[in-house]
Undergrad: 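One structure, pasted below without further comment.
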2 protein chains.
Amino acid sequence: MANTRQQVHEQLRARIIRLDLEPGSALSENDLAAELGVSRTPVRESLILLGDEGLVDVYPQLGTFVSRIRPADVASAQFVREALECAALRDAVGRASPRDLTDLRRLLRAQGDAAEDADMDGFFRLDEDFHARLMAVGGHASAWPVVAQAKAQLDRARRLSLPLTQQLPLLIGQHTAVVDLLEAADPAAAEESLREHLRLVFSDVEKIRRRHPELFSEDGETPRPRRKPVARP
Amino acid sequence: MANTRQQVHEQLRARIIRLDLEPGSALSENDLAAELGVSRTPVRESLILLGDEGLVDVYPQLGTFVSRIRPADVASAQFVREALECAALRDAVGRASPRDLTDLRRLLRAQGDAAEDADMDGFFRLDEDFHARLMAVGGHASAWPVVAQAKAQLDRARRLSLPLTQQLPLLIGQHTAVVDLLEAADPAAAEESLREHLRLVFSDVEKIRRRHPELFSEDGETPRPRRKPVARP
DNA sequence: GCTGACGTACTTGTATGGTAGCCGACACCT
DNA sequence: AGGTGTCGGCTACCATACAAGTACGTCAGC
């Protein structure tokens, strides 16, 4: 990719979602530009886009900060994701070709392998591929970016919940159930199964919130972050 | 609002949706900066955001153009809007307070007045208010921006269909039906009524496509637009 | 008349300089 | 001691300069 801005944007986005950049930490245009070996311009433009996605908060003349996870945003993202994926699945039932089904089942097997190897990054990618493919089967691949943007808010917290590795087989089982019901052409049951699966992710986020409250924004908190104090002589 | 970028962004966005800036026309950073009396930077940053929304297409080293309406994008936007608004309406049934219902009915009356006065801009605003309020009643006000972004693709074409003014009472009637069924707490009928309403808008876009094909991107069209010829001496 | 090379004018992309505003630290006054 | 004014350093914002690239108009050559 020739475009510096896109490179910076993708890299920062990945780092934020991986929690490599911690919620609440400051992001200075100057520091990032120096660290990445580019000028401030593409960094700044990337931060503007990330602000639009809700992944960073920009306070003019004060600083840019990795946004803390806002419970209201999580609920909103979950609503968007659930509504879109379930609607797409309803359209997918009856439209799935044999090729679609074999591809989906291949993804399921790959997820099983990744779970056995404890390959978290691989499992995450395959999970994303699975859900994207499901929407594509319904003829709504072009709506996936909307889901992906909403998902970003959830994935930051989910990444922490996976060390509870014993859940992986459960997730794969739910995926399998969705595919089975899709093949059986039972729209209502398929949708309910998918909804249950997505809601499980939601409750995971709530668990993480209790275990890592520092990643979330308290309700009564002042929205204005503090600048880091200078070193005293 | 002190922020120049936001001002430029909102103004350009409004102009594009109003079709004041015609699909396919070139937008030069320099020209816009001169016209608006600001430098290239805020203009450029606005164009990046508009590109992210799908309202302009940026071709590096070639130019930036108001995007033609892509039928695939219209279908995608319609899917997103329908899924989200219908899901929100399902949640709204049974939650609507008397205050919600009176506010909604006040909006309906205002729409009737705007229709009588042939106040198109006013009717558009009230239509937007109505749908936003409907989602708020379901507790999903924060998901409205997602709908609004999808709606932008539809509204560009809709603006042309409204001179068929005789449709306005039909739209208001459908709005009224939704509120009636919401008050009657009939989720299935309310959802079906809203879906029919949204689909009508969708079919309007198709009508406009036949009457104004120049606003839409042909399927076999080369994606690379031509640069405007220079004046000869 | 037709074809192909080339120059020019335009575009967006990137880098850098200067400005207004905010916060924290600290001396000073009450 | 508690409040207040000022100063310094930092920030994002905006303006501007430079670089890389594309397409069109021109014109030489056939």
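Naming: A, B, ... by sequence-line order, numbering from 1 per chain.
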Undergrad: If I take atom CD in residue Glu45(B) and atom P in nucleotide dC14(D), what distance separates them, rounded to the nearest angstrom?
TA: 7 Å
Undergrad: If you pin Val38(B) and Leu47(A) to their nearest nucleotides in DNA chain D, which one's is more 5'?
TA: Leu47(A)
Undergrad: Aromatic rings His175(A) and His131(A): how do their planes relate, parallel, tilted or perpendicular, breaks at 30° and 60°?
TA: perpendicular
Undergrad: Taking the side chain of Asn3(B) as its heavy atoms from C-beta onward, which of dC14(D), dT14(C), dG13(C) lies nearest to it?
TA: dC14(D)
Undergrad: Please determine if a side-chain N or O atom of Thr41(B) lies less than 4.0 Å away from the OP1 or OP2 oxygen of dC14(D).
TA: no
Undergrad: dA12(D) base to Thr64(A) side chain: any donor-acceptor pair below 3.5 Å?
TA: no
Undergrad: Provide the full list of salt bridge (Lys or Arg N to Asp or Glu O under 4.0 Å) pairs with a residue in residues 38-47 of chain A, sequence neighbours left out, each pair given once.
TA: Arg5(A)-Glu45(A), Glu29(A)-Arg44(A), Arg44(A)-Glu45(B), Glu45(A)-Arg44(B)
Undergrad: Quick check for you: among dT14(C), dC14(D), dA12(D), whose closest atom lies nearest to any side-chain atom of Pro60(A)?
TA: dA12(D)
Undergrad: From NE2 of His9(A) over to P of dG13(C), roughly how many Å is that when rounded to an integer?
TA: 14 Å
Undergrad: In whole angstrom, give the distance that lies between atom CG of Asp31(B) and atom P of dC10(C).
TA: 10 Å
Undergrad: Indicate whether OP1 or OP2 belonging to dG13(C) is found under 4.0 Å from a side-chain N or O atom of Arg44(B).
TA: yes
Undergrad: Describe the nucleic acid contact of Arg5(B) in one word from base, sugar-phosphate, nothing, applying a heavy-atom distance below 4.0 Å.
TA: sugar-phosphate
Undergrad: In whole Å, I'd like the distance from the CG atom of Leu62(A) to the C1' atom of dC10(D).
TA: 10 Å
Undergrad: Report the C-alpha distance between Glu85(A) and His197(A) in whole Å, list the side-chain angles of each, state the deciding distance to 0.1 Å, and finish with yes or no for side-chain hydrogen bond (donor to acceptor under 3.5 Å, both in side chains).
TA: CA-CA 11 Å; Glu85(A) 290 206 36; His197(A) 169 60; over 6 Å; no
Undergrad: Do you know which of Val74(B), Val66(B), Val205(B) makes side-chain contact (heavy atoms from CB on, under 4.5 Å) with Arg156(B)?
TA: Val66(B)
Undergrad: Provide, to the nearest angstrom, the distance between the CG atom belonging to Leu32(B) and the P atom belonging to dA15(D).
TA: 14 Å
Undergrad: Of the nucleotides dG13(C), dT11(C), dG18(C), which one has an atom closest to the side chain of Arg40(A)?
TA: dG18(C)
Undergrad: Could you tell me the separation between the CG atom of Leu27(A) and the P atom of dT11(D), rounded to a whole number of Å?
TA: 11 Å
Undergrad: State which residue, out of Arg106(B), Arg133(B), Arg95(B), fulfils the salt bridge (Lys or Arg N to Asp or Glu O under 4.0 Å) condition with Asp100(B).
TA: Arg133(B)
Undergrad: Could you check whether Ile48(B) gets within reach of a base, just the sugar-phosphate, or nothing at all, counting any heavy atom under 4.0 Å?
TA: nothing
Undergrad: Could you please name the option among dC14(D), dT11(D), dT11(C) that lies closest to any side-chain atom of Ser28(B)?
TA: dT11(C)
Undergrad: Where the side chain of Pro42(A) is concerned, which of dT16(D), dT12(C), dA15(C) is the nearest nucleotide?
TA: dA15(C)
Undergrad: Ignoring hydrogens and angles, state whether a donor on the side chain of Glu82(B) or Gln78(B) is under 3.5 Å from an acceptor on the partner side chain.
TA: yes
Undergrad: Side-chain N or O of Ser39(A) versus OP1/OP2 of dA15(C): is the shortest distance under 4.0 Å?
TA: yes
Undergrad: Between Gln61(B) (CD) and dA19(D) (C1'), how many Å, whole number?
TA: 9 Å
Undergrad: Where the side chain of Val58(A) is defined as all heavy atoms beyond and including C-beta, which of dC13(D), dA15(D), dT14(C) is the nearest nucleotide?
TA: dC13(D)
Undergrad: Find the distance Asn30(A):CG to dG9(D):P and express it as a whole number of Å.
TA: 16 Å
